[in-house]
Amino acid sequence: MEIASDETTRICNHCDRAIPSSNIDLHYAHCSRNLEKCNVCGDMVPIRHAKEHFLNTHAPVACSLCSATMERGNLDIHKGESCPQRIVNCEFCEFPLPAIDLAEHQEVCGNRTEMCYQCNRYIRLRERYNHASRCTGIAENNVESSRNVRAPEREQGAPRRQPPEYSRKRLIFTIAVTGIAVLFGSLFFQKKAEASQMGSTMATGNFMGRSMPVSPSNGHLPSEFGPCDGGLDYVASTIRFVMIDNGILQLTLSNPDGIVTGIRYNGIDNLLEVLNDEDNRGYWDLVWNSPGTPGTTGSFDVIKGTSFKVIVENEDQVEVSFTRTWDSSQDGKLVPLNIDKRFIVLRGCSGFYTYAIYEHLKDWPGFNLAETRIAFKLRKDKFHYMAMADNRQRYMPLPDDRLSGRGQALAYPEAVLLVNPVEPDLKGEVDDKYQYSCDNKDSQVHGWICTTDQPAVGFWMVTPSNEFRSGGPVKQNLTSHVGPTTLAVFLSAHYTGEDLVPKFSAGEAWKKVFGPVFIYLNCTMDGDEPLSLWEDAKQQMIIEVQSWPYTFPASDDFPKSNQRGNVNGRLLVNDRYVSDDNIPANGAYIGLAPPGNVGSWQRECKDYQFWTKTDINGYFLINDIRPGDYNLYAWVPGFIGDYQYSAAITITPGSEIEVGDLVYEPPRNGPTLWEIGIPDRSAAEFYVPDPDPKYINKLYVNHPDRFRQYGLWERYAELYPNEDLVYTVGTSDYKKDWFFAQLPIFVDCRKIDTNKYQGTTWQIRFKLDNVDQGSSYKLRVAIASATFSEFQVRINDPKTNPLFSSGLMGRDNSIARHGIHGLYWLYNVDVPGKLLVQGDNTIFLTQPRSSSPFQGILYDYIRLEGPSKLSSKEEYILTLSYHTQVVMDNGILQVTISKPEGIVTGVSYQGIDNLLEIRNHESDRGYWDLVWSEEGTGGTTGTSYVIKGSKFKVMVENEEQVEISFTRDRSSLEGKHVPLNIDKRFVMLRGSSGFYSYAIYEHLKEWPGFNLPQTRIVFKLRKDKFQYMAVADNRQRRMPLPDDRSPRRSSPLAYPEAVLIVHPVESEFQGEVDDKYQYSCENKDLHVHGWICNDPPVGWWQITPSNEFRSGGPMKQNLTSHVGPINLAMFLSAHYVGEEMVPKFQRGEPWKKVFGPVFFYLNTLIDNNDPLWLWEDAKQETKTQVQCWPYNFLASDDFPKSQQRGCVSGRLRVSDRYVSNEHISVNGAYVGLAPPGDGYQFWTKTDENGYFLINDVRTGDYNLYAWVPGFIGDYKNDTIITITSAGCDIDMGELVYEPPRDGATLWEIGIPDRTAAEFHVPDPDPKYINKLYVNHPEKYRQYGLWERYSDLYPNGDLVYTVGVSDYRTDWFFAQVTRKKNDGKYEGTTWQIKFNLDNINQTGTYKLRVALATAYVAELQVRINNPKANPPLFTTGVIGHDNTITRHGIHGLYGLYSIDVKGTFLMEGENTIFLTQPMCSSALQGLMYDYIRLEAPPS
């Protein structure tokens, strides 16, 4: 509505604006509610943006150049117009220098002379314009100027200098000093031309691949610059820049940083972004983090040198070096690398080279190197057109278009939707740097064209070789993108994840040369189209590739061609189901990479790789290989799998290695029944949909790389709105009917909790005319990329347990980053014939992971093969041989043991020659070990060693049993090893699918004392076979590989046992935490655990039939199995208890104990095809072994048989008059016999009426102990129980336990069960998960839960209100420290608030606090006064359980009974303050079991 001009107005009292009177009330209501006046500038700003307005406009900021302080809104004007340190160009020499130095510099520079080509006179530069207006053109002599400089770049609109008119052809090297530009020698001056040639003969230089005229010069210097003798004339002491000028371009670098601050070319004073700070124009950078740190991120470091040196200076070349040397004072601040950055300018060359040498010395600390690269930030006012391939080039948005207001953020920071771009034609497009990624093999030239100037100028990054890049030929890297930015990426985790992060450990020496790469500059000739610069750049790239390896880099670390070697040969493929003859591998990728496993090249990221492609006949030649040891790898498009040449290849200078015909046999069991896709390691052949019209990049409309469009993951749900993809073999076409990626689907109706996505199940339907029910079919699934996904296979039943699961795999992030491939995976799934039917069959492929839209799988190729033949079984006999080694063989398995050491070196079973890790040394496969320390030594550590026998003896050898002994006498090892005689035994029985082991430790009275923190048995299984681990029905999973814990694949966490897997061999584990303590178990539940091998299906199980020889009772926690794959039998350890559980023996104290026997059980599938049946069978075998305890077949007299043992029985009841007036029969109480000192323990549980029976107790003296869930405290019978002889049977009668109690319960928190499991255990930080424990009863086993306390209680500590709060949700499971902003920790104080209606002022109340565990902690209690000093009660420092760190929920139990005088309490609200003040680490703290307040006795 228009307002009439004569309408009256009123002044708004809030904003002081004139408002039409009719609108004043409405205006004022809106104005006063939403706007406020800025106190600085008086502008009205939205209230919600007031702070932002102040910070963006008025907040005081310091200029990064001169440190002057001003309002932020004035900063840009200050930097551009008035800052004394802003960079300006000398009007005479165009050299960039600070404005404050300009006058002094120009005073000197303007006195330099330049020859007038009309009159041949020398004219001072400051006088040249006046001279030009009056020059007569009469030549006076035939001499040349000291320096031909270009006129400064004119202001916009002024005439420009024509680019071909170069004034010299000489290579000049200068150093800029504060205020002065000084010539650093005359590196090349053209010889003085003959007089007859002057003015007519022109020298030529390289220009866009053509001859280019440049003016001659004899290098005469005017007298004020001294003689032309190549010397250095220092005018000032502060050197700031290094300039290299070859007459075609001028390169300026900061000194000694080695940052490219300027590139002058073709009349443009600087191709780099002059609006950026000098250190943000052209630079080398890296991302690094500390060893053990997971992930692909870290500290970003623009590499700045600390020392400058001229390496080469002659008439043809300048090479300069900027080095940064590391020392221990920089530990934790800078990456531990010596870095030498080099820059090279050649005579007549339209560009420059750069390379760097990174070196890590052996004695330096370890580190991870997530990324390193070169970045150039070009001028956004000039470079608008980007090109990286013939069909991948376009006009690009400006960086301003990505800012708020012009760009709208999309699903991740790199992607924005242009909603208000500077150029309207770009509106509605998506910009994302990942849309311009490229495979290494195709990324040899890319860059930008400046079309705003005439002639047009090109800036190109040329990479002539990929030898220094990581990940092989199909590794994808960033190229150029909006900025305008041009990159040379050498190391990155893009499209692969942490697998491509090199991880260096302390003690690992490393050196690598990255580059050289060539930065090529070109410009158009008259009449040329700007796009001709791209064609020229491609031609220049070919020249650079043909020139590789360059001859001119000066570093000895860059070998020349004659210092390298070559490998040639021929690759053939043998697949009898394709051809009876070997097939030439046409177009195969074949290369040399550091030694590793098959296919390891795609994850190799530390050293060099050299790749080529075979010709049509399979022949290949790999040239110019650096000296070193390599494996030869290959993969062949059209065939699945990877090839690796069996012999290592050693390259020496000048070597020519002919490997002859190599034959690759790709995985194949039977004929192809059907196939989907093309085995080419990409999903490009499958259906890629058109993008959502809202999210397009016009470059990729109707483009072969249409998969690079943004948001394609959202199209799946649109194309399959009601049900998932169904593919029918023989009818469907994978080019149209197989979606390029299996993704989660966004389906609101299927939403679970807050999860917006749901996994998907694809179907492959096919017919079989005949089925061999007794044979096995093979499903081959090649995966082109995976991101936090899982691949499950089911046959003909979508609801059954999966036949196969990959487990979590992949961190490629290819879906989000518009890649069509990442890391390659190949799965070979055995399909039992009995699961198939004649006629219609369906394979269900499920990807269940669904926490984000980017989780998914890109399939490469799927094939179903017909059956293969089966092997026959052998007959079983029992034999023993012991010549150079001992071999026990009962026809079911064969165990090989070193002689006389007693180390298990091999276990052969079910056709597998060795179940143990054959890559380990024989002494590191299966062994007993211990940790010991000298008497009087504190702590839980000591000397660790593998127990090796010195004598071998056969104890039993008959048709039913073999028992062998490996003994070590202490007498021959005095002072070197633990003072023990040790006798290790191994037993094998006829017809038994396993073997037994036990040991007898003996300390004689006269021997010195010692401590024994740990002893155990360790088996290290084959990592290529055993990948599935089981500890309990709900604690089993596919496990990471040990390689995944290596520094290059994982990042360290708070302690060495815990790592975050960031670059696993199998991507399903990416982002998970691995920590052996997550698989600990209580003795009472720890009877069987082990590993399953899927191919063939074999189980390895460690069965402990009794806990009598274990320490600490039924609740003591011990390690089980963990990544390795490692299988443990723990007998003694201080885990979860600390030093209190370390047996300490004194001199004069005799001791003998038998540890074991334990049973190592092996099983395989018989009539069941589910490998998990092996776990069920192992549990049944455990019951059998428990029922057989104590064994009757052991030969040692130190192991008593059942008839040599006794038993104890009785009944336990509880008397608590505040619970019941009668004795309570306790169900499930733990009752046991334990000695007064170190020895054996025997435990059981009471039945529902409190009765107990403890069988098979060794002879000796014992106390009887008990504790009752539901009641606090411990029971101990006063009577010493002596088991004396065979058949001793002791009836204890009825025992009554009176738990601590003074008065009635006023309130209580928790359950008295000696654990904190009932309290609130939070979900883990998503960065630190173990997927096994997601939504698991034992979720407390997740890593890092101690850090969640601060997340849940950010502003204050826990407050629990009795009668209102619920301990299950409101009582945090552990009272831990709180991390402060300075990185240190502080103690915490929890409050219990409660009301009392009446107070007995003269009585004494009782506070019972039962602790489930403590670690270097203290509990202080205060009543109603948090500052009371001293506190009412303190425990002092207690506990060394370390349970919080090790994911336990209990450790050693402690009970504290605290008297609270009635005078401390008051009617109404009271508060108990529980303070844990110890705070030197994040892991200190308490876990409460139970808290109760009792009234005074009544």
Side-chain angles (χ1 to χ4, degrees), residues 876-909 915-916 925-929 946-969 980-1002 1015-1019 1100-1106 1108-1109 1129 1131 1152-1162 1181 1184-1205 1256 1258:
Y876 304 152
I877 57 174
L878 177 59
T879 61
L880 174 67
S881 60
Y882 43 92
H883 298 289
T884 57
Q885 56 187 5
V886 182
V887 179
M888 299 188 297
D889 191 330
N890 67 359
I892 301 173
L893 72 154
Q894 183 185 85
V895 179
T896 303
I897 306 172
S898 64
K899 175 187 173 187
E901 294 86 0
I903 306 296
V904 182
T905 61
V907 178
S908 176
Y909 177 71
L915 303 182
L916 306 184
R925 296 179 184 176
Y927 53 84
W928 285 75
D929 69 11
V946 173
I947 302 168
K948 296 182 179 180
S950 56
K951 296 179 182 178
F952 162 70
K953 184 178 181 181
V954 178
M955 308 306 294
V956 176
E957 181 180 7
N958 57 45
E959 62 182 11
E960 300 294 334
Q961 174 181 349
V962 167
E963 181 168 342
I964 52 180
S965 166
F966 301 86
T967 57
R968 193 204 67 185
D969 293 333
L980 286 172
N981 284 339
I982 299 177
D983 182 356
K984 298 185 298 180
R985 303 285 184 99
F986 295 90
V987 181
M988 180 178 283
L989 304 180
R990 176 184 175 185
S992 174
S993 187
F995 62 98
Y996 301 83
S997 185
Y998 67 107
I1000 306 150
Y1001 290 19
E1002 183 178 24
T1015 193
R1016 62 184 186 171
I1017 307 174
V1018 181
F1019 278 98
W1100 171 288
W1101 309 102
Q1102 190 267 306
I1103 295 176
T1104 305
S1106 170
E1108 69 176 47
F1109 41 77
F1131 304 117
K1152 181 185 281 191
K1153 187 170 183 177
V1154 178
F1155 293 105
V1158 294
F1159 181 45
F1160 296 96
Y1161 177 56
L1162 312 180
E1181 182 63 29
T1184 300
Q1185 296 297 324
V1186 171
Q1187 290 168 356
C1188 294
W1189 186 269
Y1191 299 132
N1192 59 12
F1193 52 79
L1194 303 182
S1196 173
D1197 292 336
D1198 294 307
F1199 184 82
K1201 311 300 186 286
S1202 183
Q1203 64 271 25
Q1204 298 171 305
R1205 298 175 177 234
D1256 298 311
R1258 284 172 167 261

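For clarity, every value in this text was computed on a predicted model and none was experimentally measured.
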Leu915 and Tyr909: which non-hydrogen atoms are nearest, and at how many Å? CD1-CB, 4.0 Å
Going by side chain to side chain contact (heavy atoms under 4.5 Å, CB included), name the residues that satisfy it together with Asp1197, two or more places apart in sequence or in a different chain. none
If you compare all heavy atoms of Ser1196 against all heavy atoms of Glu963, which two are closest, and at what distance to 0.1 Å? N-OE2, 4.3 Å
Between Tyr1001 and Phe1155, how do the two ring planes meet: parallel, tilted or perpendicular, split at 30° and 60°? perpendicular
By the definition ring pair (Phe, Tyr, Trp, His ring centres under 6.0 Å), identify the one residue from Phe1159, Phe1160, Phe1199 that meets it with Tyr996. Phe1159
Aromatic plane relationship, Phe995 with Trp1100 - under 30° parallel, 30 to 60° tilted, over 60° perpendicular: perpendicular
Kindly indicate, with the supporting measurements, whether the criterion side chain to side chain contact (heavy atoms under 4.5 Å, CB included) is fulfilled by Ile964 and Phe952. CA-CA 7 Å; Ile964 52 180; Phe952 162 70; 3.8 Å; yes
Taking only residues two or more places apart in sequence, or in another chain, which ones meet Lys951 in a salt bridge (Lys or Arg N to Asp or Glu O under 4.0 Å)? Asp969
To the nearest 0.5 Å, tell me how far Ile982 CD1 sits from Ile1000 CD1. 11.0 Å
Could you measure the distance from the OG1 atom of Thr967 to the CZ atom of Arg985? Nearest 0.5 Å is fine. 9.0 Å
Can you tell me how far apart CD (Gln1203) and CG (Asp1256) are? Round to the nearest 0.5 Å. 10.0 Å
Phe1131 and Trp928: aromatic ring centres closer than 6.0 Å? yes
Going by atom types only, do Thr1104 and Gln1102 share a side-chain donor-acceptor pair under 3.5 Å? yes
Which heavy atom of Thr905 sits nearest to which heavy atom of Leu916, and what is that distance? C-CD1, 4.0 Å
So how far is it from Arg968 CZ to Glu901 CD, rounded to the nearest 0.5 Å? 13.0 Å
CA sep, side-chain torsions, deciding dist, call: Asp983, Asp1198, side chain to side chain contact (heavy atoms under 4.5 Å, CB included): CA-CA 11 Å; Asp983 182 356; Asp1198 294 307; over 6 Å; no
Minimum heavy-atom distance between Phe986 and Ser997, given as atom pair plus value: CE2-OG, 3.5 Å
Could you tell me which non-hydrogen atom of Glu957 sits nearest to which non-hydrogen atom of Val954, and how far apart they are? CB-CG1, 3.8 Å
First locate atom CZ of Phe966, then atom NZ of Lys948, and finally report the distance between them rounded to the nearest 0.5 Å. 13.5 Å
Side chain to side chain contact (heavy atoms under 4.5 Å, CB included) between Asp929 and Arg1016: does it pass, once the steps are laid out? CA-CA 6 Å; Asp929 69 11; Arg1016 62 184 186 171; 2.9 Å; yes
Provide the closest heavy-atom pair for Pro1105 versus Val1158 in the form atom of the first, atom of the second, distance. CD-CA, 4.4 Å
Rounded at 0.5 Å granularity, tell me how far CE in Met888 sits from CD in Gln894. 10.0 Å
In residues 1186-1195, what donor-acceptor pairs under 3.5 Å come from side-chain atoms, sequence neighbours left out?
from	atom 1	to	atom 2	distance (Å)
Trp1189	NE1	Ser1106	OG	3.4
Trp1189	NE1	Glu1108	OE1	3.3
Tyr1191	OH	Gln1185	OE1	2.7

Residue from Val895, Thr896, Ile1017 passing side-chain contact (heavy atoms from CB on, under 4.5 Å) with Val904: Val895
Check for a donor-acceptor pair, side chain of Ser908 on one end and backbone N or O of Leu893 on the other, with a separation under 3.5 Å. no
